[in-house]
*Asks:* 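I have a structure I would like to understand better, so I am pasting it below and will then ask my questions one at a time.
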Amino acid sequence: MILKFKKSFTTAAIALSLLVSAQSAFAITGLGDSESSAVAAAANVHYTWKLETAYDEDWFVYTNNTSSSVSITAAMTSPSGQNYNLDPYWYQNGNRIKLSVNDNGPGKTDSFTLSNLRPGEKISFRIYTATGSVNNSPYDFYYTVN
């Protein structure tokens, strides 16, 4: 009985770890499609997702739950021939501030850095098409916290 429980527990733990760590190239309808349903994304993980339609948006969010200020660097690479945008929003003292991005155009990497995200503050990342068209190729998004 104990051996069966250990085997079942181990199998469940492995399945859960694969679910949490694996990032699908396919968008999940309704997951992160609005600011209010933003995905609490882990730092240093590449999210390779697709926009489902020209009206689709993907949102990710990070909250600084540490006791000190951190620096955030984020990057999003558009699919070849597509021009997707990365819009970061900093939530500071009750205000929502849209940050500037180094936008490099179709198929290139857009990026930005915020050097002083204080404890308790959050930043969200919006990804959407700039041209009103999407293809079947995924974008790549990631951010780092230092």
Side-chain angles (χ1 to χ4, degrees), residues 7-146:
K7 185 176 180 180
S8 296
F9 179 77
T10 302
T11 302
I14 290 170
L16 181 60
S17 69
L18 288 172
L19 179 63
V20 170
S21 64
Q23 296 304 320
S24 172
F26 300 97
I28 299 171
T29 302
L31 180 64
D33 284 346
S34 67
E35 189 171 11
S36 63
S37 67
V39 174
N44 303 313
V45 173
H46 284 259
Y47 292 85
T48 305
W49 286 12
K50 294 180 182 180
L51 293 179
E52 297 173 312
T53 70
Y55 304 103
D56 191 16
E57 301 179 345
D58 288 339
W59 288 79
F60 300 91
V61 65
Y62 168 77
T63 302
N64 182 3
N65 291 321
T66 71
S67 60
S68 57
S69 294
V70 297
S71 175
I72 303 285
T73 299
M76 184 276 308
T77 303
S78 296
S80 178
Q82 296 290 297
N83 190 13
Y84 291 4
N85 283 342
L86 170 64
D87 285 352
Y89 296 93
W90 181 16
Y91 302 87
Q92 179 188 46
N93 300 323
N95 297 310
R96 180 179 183 251
I97 304 162
K98 184 178 176 186
L99 303 174
S100 296
V101 172
N102 179 16
D103 187 339
N104 290 300
K108 306 286 190 206
T109 300
D110 298 348
S111 62
F112 81 97
T113 298
L114 174 64
S115 60
N116 191 27
L117 187 69
R118 294 183 286 249
E121 293 179 343
K122 72 176 184 175
I123 188 165
S124 65
F125 313 96
R126 175 185 176 218
I127 298 171
Y128 63 100
T129 178
T131 60
S133 68
V134 297
N135 63 19
N136 199 27
S137 299
Y139 63 83
D140 181 70
F141 168 75
Y142 72 95
Y143 71 97
T144 59
V145 177
N146 296 307

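In this text the structure is predicted, and so the values were computed from the model without any measurement. Computation of the quantities below employed the complete heavy-atom set of this structure, encompassing side-chain atoms and omitting hydrogens, waters and symmetry-equivalent molecules.
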*Asks:* Distance from E121 atom CD to N95 atom CG, nearest 0.5 Å?
*Replies:*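 Separation between the atoms: 10.5 Å.
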*Asks:* With a 3.5 Å distance limit and no angle check, can you tell me whether N104 reaches the backbone of D110 through a side-chain donor-acceptor pair?
*Replies:* no
*Asks:* Go through I72 and N64 one step at a time and tell me if the side-chain contact (heavy atoms from CB on, under 4.5 Å) criterion holds.
*Replies:* CA-CA 10 Å; I72 303 285; N64 182 3; over 6 Å; no
*Asks:* May I have all residue pairs that pass salt bridge (charged side-chain N to carboxylate O under 4.0 Å, His left out) and include part of residues 124-141, sequence neighbours excluded?
*Replies:* E57-R126, D87-R126
*Asks:* Who are the side-chain contact (heavy atoms from CB on, under 4.5 Å) partners of S124, not counting sequence neighbours?
*Replies:*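 Partners of S124 under the side-chain contact (heavy atoms from CB on, under 4.5 Å) test: E35, W59, V61, Y89, Y91.
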*Asks:* Holding to ring-ring contact (aromatic ring centres under 6.0 Å, His included), I want the full list of residues that pass it with F60, two or more places apart in sequence or in another chain.
*Replies:*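 Scan of F60 (ring-ring contact (aromatic ring centres under 6.0 Å, His included), adjacent residues dropped) gives Y47, W49, F141.
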*Asks:* Quick one: OG1 on T73 to OH on Y142, what's the gap to the nearest 0.5 Å?
*Replies:* 8.5 Å
*Asks:* Would a 4.5 Å heavy-atom cut-off, applied to side chains only, mark R118 and N93 as touching?
*Replies:* yes
*Asks:* Run I123 and L99 through side-chain contact (heavy atoms from CB on, under 4.5 Å) and show every step you take.
*Replies:* CA-CA 10 Å; I123 188 165; L99 303 174; 3.9 Å; yes
*Asks:* Give a yes or no on whether the backbone of S68 and the side-chain of T66 come within a donor-acceptor separation of less than 3.5 Å.
*Replies:*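 Judged by distance alone, yes, a pair lies under 3.5 Å.
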*Asks:* Among residues two or more places apart or on two chains, list those pairs meeting salt bridge (charged side-chain N to carboxylate O under 4.0 Å, His left out) that have a residue in residues 68-81.
*Replies:* none
*Asks:* Distance from N135 atom CG to S78 atom OG, nearest 0.5 Å?
*Replies:* 10.0 Å
*Asks:* Which pair of non-hydrogen atoms, one from F125 and one from A74, has the smallest distance, and what is that distance?
*Replies:* CE2-CB, 3.8 Å
*Asks:* Kindly give the heavy-atom pair with the smallest separation between F112 and S100, and that separation in Å.
*Replies:*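 Answer, listing the atom of F112 first, then S100: CB-O, 3.5 Å.
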*Asks:* Is there a side-chain contact (heavy atoms from CB on, under 4.5 Å) between K50 and N136 once you walk through the steps?
*Replies:* CA-CA 7 Å; K50 294 180 182 180; N136 199 27; 3.1 Å; yes
*Asks:* Which heavy-atom pair separates A130 from N85 by the least distance, and what is that distance?
*Replies:*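 Heavy atoms of A130 and N85 come nearest at CB-ND2, 3.4 Å.
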*Asks:* Could you give the distance from CG (D58) to CG (L51), rounded to the nearest 0.5 Å?
*Replies:*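 If we round to the nearest 0.5 Å, D58:CG and L51:CG are 5.0 Å apart.
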*Asks:* Nearest 0.5 angstrom please: S80 OG to K108 NZ, how far?
*Replies:*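 Separation between the atoms: 9.0 Å.
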*Asks:* Can you list every salt bridge (charged side-chain N to carboxylate O under 4.0 Å, His left out) pair that touches residues 59-85, not counting sequence neighbours?
*Replies:* none
*Asks:* If every non-hydrogen atom of Y62 is compared with every non-hydrogen atom of V145, which pair is closest and at what distance?
*Replies:* OH-CG1, 3.7 Å
*Asks:* Calculate, to the nearest 0.5 Å, the distance between atoms OG and CG belonging to S71 and N146 respectively.
*Replies:* 6.0 Å
*Asks:* Do D33 and E52 touch side chain to side chain, with heavy atoms closer than 4.5 Å?
*Replies:* yes
*Asks:* I'd like to check the side-chain hydrogen bond (donor to acceptor under 3.5 Å, both in side chains) partners of T131; sequence neighbours left out, ordered by chain and number.
*Replies:* T129, S133
*Asks:* Show the nearest heavy-atom pair for residues A75 and T109, with the distance to one decimal.
*Replies:*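 Scanning both residues completely, I find the closest heavy atoms to be CB-CG2, 3.8 Å.
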*Asks:* If every non-hydrogen atom of G107 is compared with every non-hydrogen atom of T77, which pair is closest and at what distance?
*Replies:*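 Where G107 meets T77 most closely, the heavy atoms are O-CG2, 4.1 Å.
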